[in-house]
Amino acid sequence: MLAALPQPPTMNTWLVGVSGRQPGAHLTLGGQDAGNTALYLPPTPGSVVEISGRFYRGGVLLRAQDGGVQAINVVDVEDYLRGVVPAEMPSGWPASALAAQAVIARTYVAARINPSAPYDTCATESCQVYRGMDAEKPGPDAAIAATASQVIAYAGKPASTYFSSDSGGFTASSAEVWGRTSRI
């Protein structure tokens with residue numbers, strides 16, 4: 001007799017939209033007014049959310065923003081890094097390079113934690129590329145686990161750890177780019 005294979009968890013699907021005009025526009029669920037400008041699905045152990053066809057660990061904060069819906073992934077930093085490190089460097093690079101990238105990426109986001117802002121960092125090249133679960137790979141996952149919670153600090157705070165995944169063979173000093181020098 002064959003044992004039954006475990007079934008994936010049931011996914012709840014919400015069609016989210018916006019009704020009304022800004023400011024004060026409400027979110028809608030399945031075409032019905034949700035009665036609020038924001039909805040929060042908190043992260044739980046093992047939770048996964050799908051946003052625009054991509055899967056992310058954690059929960060989601062949905063906000064009516066500029067006539068549309070802004071989705072903010074609420075995720076543990078270590079799980080977040082699983083979608084960042086392989087998006088910022090090739091997964092097949094040496095373990096030491098992946099570990100260095102994990103520490104730099106963790107430090108970068110730690111320096112941007114701001115409880116008064118709607119989110120801490122964006123998911124594009126303007127911040128750190130974050131591709132969610134689609135990017136996860138064993139090599140980067142191992143590097144993230146091996147360096148768990150490690151950050152680079154300067155004067156008791158997370159250091160400025162800027163990096164680029166593609167410089168086209170040229171770099172510039174921080175003074176040229178941001179008008180000031182960086183310190184570690």
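Residues meeting the side chain to side chain contact (heavy atoms under 4.5 Å, CB included) test with Pro90, sequence neighbours left out: Trp93. Applying the side chain to side chain contact (heavy atoms under 4.5 Å, CB included) test to Ile72 and every residue at least two apart in sequence or in another chain returns Leu61, Arg63, Gln70, Pro118, Tyr119. By the ring pair (Phe, Tyr, Trp, His ring centres under 6.0 Å) test, Tyr80 pairs with Tyr130, sequence neighbours left out. Applying the side chain to side chain donor-acceptor pair (under 3.5 Å) rule to Asn114 yields the partners Ser116; only residues at least two apart in sequence or on another chain are considered. Here Val77 pairs with Leu81, Arg106, Val109 under the side chain to side chain contact (heavy atoms under 4.5 Å, CB included) rule; sequence neighbours left out.
Closest heavy-atom contact between Val49 and Gly58: CG1-O, 3.6 Å. The nearest pair of heavy atoms linking Ser91 to Leu98 is O-CD1, 3.5 Å. Residue Val16 comes nearest to Leu62 through the heavy atom pair CG2-CD1, 3.8 Å, listed as atom of the first residue, atom of the second, then distance. The two residues Val85 and Ala102 make their nearest non-hydrogen contact at CG2-CA, 3.8 Å. Closest approach of Val18 and Gly68 over heavy atoms only: CG2-O, 3.1 Å. Summarising the geometry of Ala95 relative to Ala143, their closest heavy-atom pair is O-CB, 4.4 Å, with the distance given to 0.1 Å.
Contact annotation: the side chain of Ile51 approaches that of Tyr56 to within less than 4.5 Å [non-hydrogen atoms, C-beta and beyond]. The shortest side-chain heavy-atom distance between Val84 and Val129 does not fall under the 4.5 Å cut-off.
Neither Leu41 nor Val74 shares a network with the other; the hydrophobic side chains, linked directly or stepwise wherever heavy atoms of I, L, V, M, F, W or Y lie under 4.5 Å apart, form separate groups for each.
If you take NZ on Lys137 and CD1 on Ile144, they are separated by 12.0 Å, rounding to the nearest 0.5 Å. From Arg57, atom CZ reaches atom CD of Glu78 across 12.5 Å, with rounding to the nearest 0.5 Å. The CE atom of Met133 lies 7.5 Å from the CZ atom of Arg82; values are rounded to the nearest 0.5 Å.
Taking a cutoff of 4.0 Å between a charged side-chain nitrogen and a carboxylate oxygen, Arg112 and Asp120 do not qualify as a salt bridge. Arg54 has a carboxylate O that lies under 4.0 Å from a charged side-chain N of Asp134, or vice versa, which qualifies the two as a salt bridge.
Just one residue in the list Ile152, Val103, Val151 forms a side chain to side chain contact (heavy atoms under 4.5 Å, CB included) with Thr161, and that residue is Ile152.
The backbone N or O of Pro43 sits nowhere less than 3.5 Å from a side-chain atom of Ser47 that would complete a donor-acceptor pair.
Note on residues 26-45: pairs passing side chain to side chain donor-acceptor pair (under 3.5 Å), not counting sequence neighbours, are His26-Asp33.
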